[in-house]
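All values below were derived from every heavy atom in this structure, side-chain atoms included, with hydrogens, water molecules and symmetry-related copies excluded.
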Amino acid sequence: MCADLGALSVVNSKDFLKLAQTLVDTGARYGSFSVNEILGNMNTLALKHLPRMYNQVKVKVTCALGSNACLGIGVTCHSQSVGSDSCYILTAYQVECKQIKRYVLGIKDVDNRDSGDFIHQWVQNVLSEFVMSEIRTVYVTDCKVNSSAFSKAGTCLRCSACSLNSVVQSVLSKRTLQARNMHEVVELLNVAEELAGSSGIAKETFGSLEESCPPPCWNSVTDSLLLVHERYEQICEFYSRAKKLSIIQNLNKHLLSNLAAILAPVKQAVIDLSNERKPTLQLVLPTYVKLEKLFTSKANDAGVISKLCHLFLEALKENFKVDSAHKVAMILDPQQKLRPVPPYQHEEIVGKVCELINEVRDVVEEQEFEAPAKKPRQTSESSKASEDDGLAKSEVYDYLQEPLFQVTPDLFQYWSSVTQKHSKLAKLAFWLLAVPAVGARSECVNMCEQTLLIKRRRLLSTEETNKVMFLKSNML
């Protein structure tokens, strides 16, 4: 129970108490005996019950996903590395009781020989066991997954943390910096890595950073620079006491400060986008706009920082892609709506909102009504579609004309309160805002470590491992 508090629910269950009472009664009647002799090998016993327990929890997860009112879910397929090994974790997201609920559906070892189509097929096979084929899906994947294969089955977005990580890595790649004669930046990176990795420095000097942790797919080089910048005075004091000032003298303090001013907002953006308790998809486009303004404002500075900011602007446009789903999600935040984007983009985004509203409506209608025996006339179909488009656009503009919220609202609470007033938008919000901007979570590391450890020790088969991790993730 020290290792896993989930055992408390087992101890408090009626079945456990019944078993314990049976053992006590048996001991009172026949004298002391070994529990192991009565129960046998616990691992073998657990494996015998694994299929039954898996099926029970699988039914609950399937029912939960099947009761989705807006017939739309978010699905992440993200790899997580542990040493030289890595695995994919497949997770489904939806809104339940005004909160985002997630279900881990499958775990698979990463094989570099697997193509994007193969991974896509694995995802579809797993999903087919839990959700209807008609359900609308937004996929969030990392850079290792071929998004074109997923786009055939639904909207496919790239993990925002992976995108920003690619932005930083492409600019701060030592090969890129050396090719552009930015040797002072290369030297700064080397010194920062050496300081951040020094034995004893992290605990004695840096202390612990009291902040939210970035997701597992974030860049460690950036953390080294920011850590050295934040603890610079303490580091100097530490090395002066140790009479090792040479390493500090090699540190370009001015360049460190300027680079930290660029990288700190990028890291904070990653932390905000990876919030596991609140909706985050609506923050992607405003984050892009904010970082673009930051890099543009500093691109006019003198020297190497100007060159770096031009590189950051190029990398941002190339690696941080904003999809129509991001734009629509932004509108669904009553504190933002269309404020972060220029007016010439407003009409296009409103059009995207209406398109998605109609997609959700079409799926719902297919579920609610059987196909009629006689084919309706084309004219009546087109007139009805035109009328629905007009109603959707009218609802969107009514919503946009309402004043912006001055404080950050609880989005699901807000859309629950205006469901009668903005029914089409509310249905869309409960689908899209459940989709996370970042595909990897902090618990992914632990899950992958356990999965790979079981694999290395050959304790269970691949199927049994999947079932154990499914139970561990979804039982509580």
Side-chain angles (χ1 to χ4, degrees), residues 64-75 92-102 131-132 134-138 140 154-155 157 275 277-286 323-341 346 348-369 384-385 387-437:
L65 293 173
S67 63
N68 191 306
C70 60
L71 290 174
I73 60 171
V75 173
Y93 294 77
Q94 70 174 12
V95 176
E96 294 178 17
C97 302
K98 303 176 189 175
Q99 291 185 328
I100 297 175
K101 179 74 175 177
R102 56 178 176 258
V131 296
M132 300 176 294
E134 297 85 1
I135 200 163
R136 293 291 304 165
T137 308
V138 176
V140 180
T155 304
L157 312 176
N275 191 317
R277 298 183 178 181
K278 297 179 180 178
T280 52
L281 199 69
Q282 79 282 1
L283 302 176
V284 175
L285 178 53
D323 191 271
S324 58
H326 297 130
K327 299 175 183 178
V328 174
M330 177 191 69
I331 274 195
L332 297 172
D333 182 349
Q335 191 181 22
Q336 296 186 126
K337 296 185 180 178
L338 289 167
R339 183 173 56 177
V341 295
H346 290 186
E348 177 208 346
I349 297 176
V350 169
K352 296 292 183 185
V353 175
C354 294
E355 282 180 21
L356 282 179
I357 284 176
N358 291 332
E359 284 185 22
V360 173
R361 182 203 67 209
D362 292 341
V363 171
V364 172
E365 286 179 354
E366 286 175 14
Q367 287 293 307
E368 289 180 349
F369 303 106
K384 184 179 185 302
E387 182 183 346
D388 288 339
D389 289 343
L391 290 172
K393 187 168 285 191
S394 174
E395 183 177 311
V396 173
Y397 279 115
D398 287 346
Y399 162 70
L400 291 175
Q401 287 172 1
E402 295 174 2
L404 292 170
F405 275 47
Q406 299 305 311
V407 294
T408 306
D410 181 322
L411 292 181
F412 297 128
Q413 181 67 43
Y414 167 77
W415 285 109
S416 293
S417 66
V418 297
T419 300
Q420 297 295 326
K421 188 177 181 183
H422 303 306
S423 59
K424 296 178 176 62
L425 282 170
K427 194 163 287 188
L428 184 60
F430 284 123
W431 168 32
L432 270 191
L433 295 179
V435 180

Item to complete: Apply side chain to side chain contact (heavy atoms under 4.5 Å, CB included) to W431 and L356, showing your working.
Response: CA-CA 10 Å; W431 168 32; L356 282 179; 4.3 Å; yes
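- For Q99, there are no side-chain hydrogen bond (donor to acceptor under 3.5 Å, both in side chains) partners, not counting sequence neighbours.
- The shortest distance between side-chain heavy atoms of L338 and V341 falls below 4.5 Å.
- Atoms CH2 and OG, on W415 and S423 in that order, are 10.5 Å from each other to the nearest 0.5 Å.
- The line from CG of L283 to CG of N275 is 8.5 Å long, rounded to the nearest 0.5 Å.
- By the 4.5 Å heavy-atom criterion applied to side chains, V138 and L432 are counted as neighbours.
- Counting heavy atoms from C-beta on, the side chains of I357 and V396 come closer than 4.5 Å.
- Under the ring pair (Phe, Tyr, Trp, His ring centres under 6.0 Å) criterion, Y93 pairs with no residue at all, not counting sequence neighbours.
- Partners of E395 by side-chain hydrogen bond (donor to acceptor under 3.5 Å, both in side chains), not counting sequence neighbours: none found.
- Note: F405 and Y414 have perpendicular aromatic rings, judged against thresholds of 30 and 60 degrees for the angle between ring planes.
- Residues satisfying the side chain to side chain contact (heavy atoms under 4.5 Å, CB included) criterion with S416, sequence neighbours excluded, are K98, F430.
- In this structure, CG in L428 is found 9.5 Å from CD1 in I331, a value given to the nearest 0.5 Å.
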Worksheet item: Are L157 and H326 close enough, and set up right, to give a side chain to side chain contact (heavy atoms under 4.5 Å, CB included), and what steps lead you there?
Response: CA-CA 9 Å; L157 312 176; H326 297 130; 3.7 Å; yes
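- Residues passing the side chain to side chain contact (heavy atoms under 4.5 Å, CB included) test with E355 are K352, sequence neighbours excluded.
- In this structure, CD1 on I73 lies 11.5 Å from CZ on R136, to the nearest 0.5 angstrom.
- The shortest non-hydrogen separation linking G74 to V435 is CA-CG2, 3.8 Å.
- In plain terms, the two heavy atoms of P334 and L411 that are nearest each other are CD-CD2, 3.6 Å.
- For F412 against A429, the heavy-atom pair with the smallest separation is CE2-O, 4.2 Å.
- The CG atom of L285 lies 4.5 Å from the CE atom of M330; values are rounded to the nearest 0.5 Å.
- For V95 against A434, the heavy-atom pair with the smallest separation is CG2-CB, 3.6 Å.
- Heavy atoms from other residues, nucleotides or ligands lying under 6.0 Å from CD of Q420 number 12 at most.
- Between V140 and L281 there is no side-chain heavy-atom pair separated by less than 4.5 Å.
- Formation of a donor-acceptor pair under 3.5 Å by the Q94 side chain with backbone atoms of A64 is found in this model.
- One finds the CD atom of Q401 at 9.0 Å from the NZ atom of K337 (value rounded to the nearest 0.5 Å).
- When the side chain to side chain contact (heavy atoms under 4.5 Å, CB included) test is applied to A437, the partners found at least two apart in sequence or on another chain are S160, L273, T280, V284.
- Shortest non-hydrogen contact noted between P340 and P286 is CG-CG, 4.0 Å.
- In terms of heavy atoms, K424 sits closest to A392 at CD-CA, 4.1 Å.
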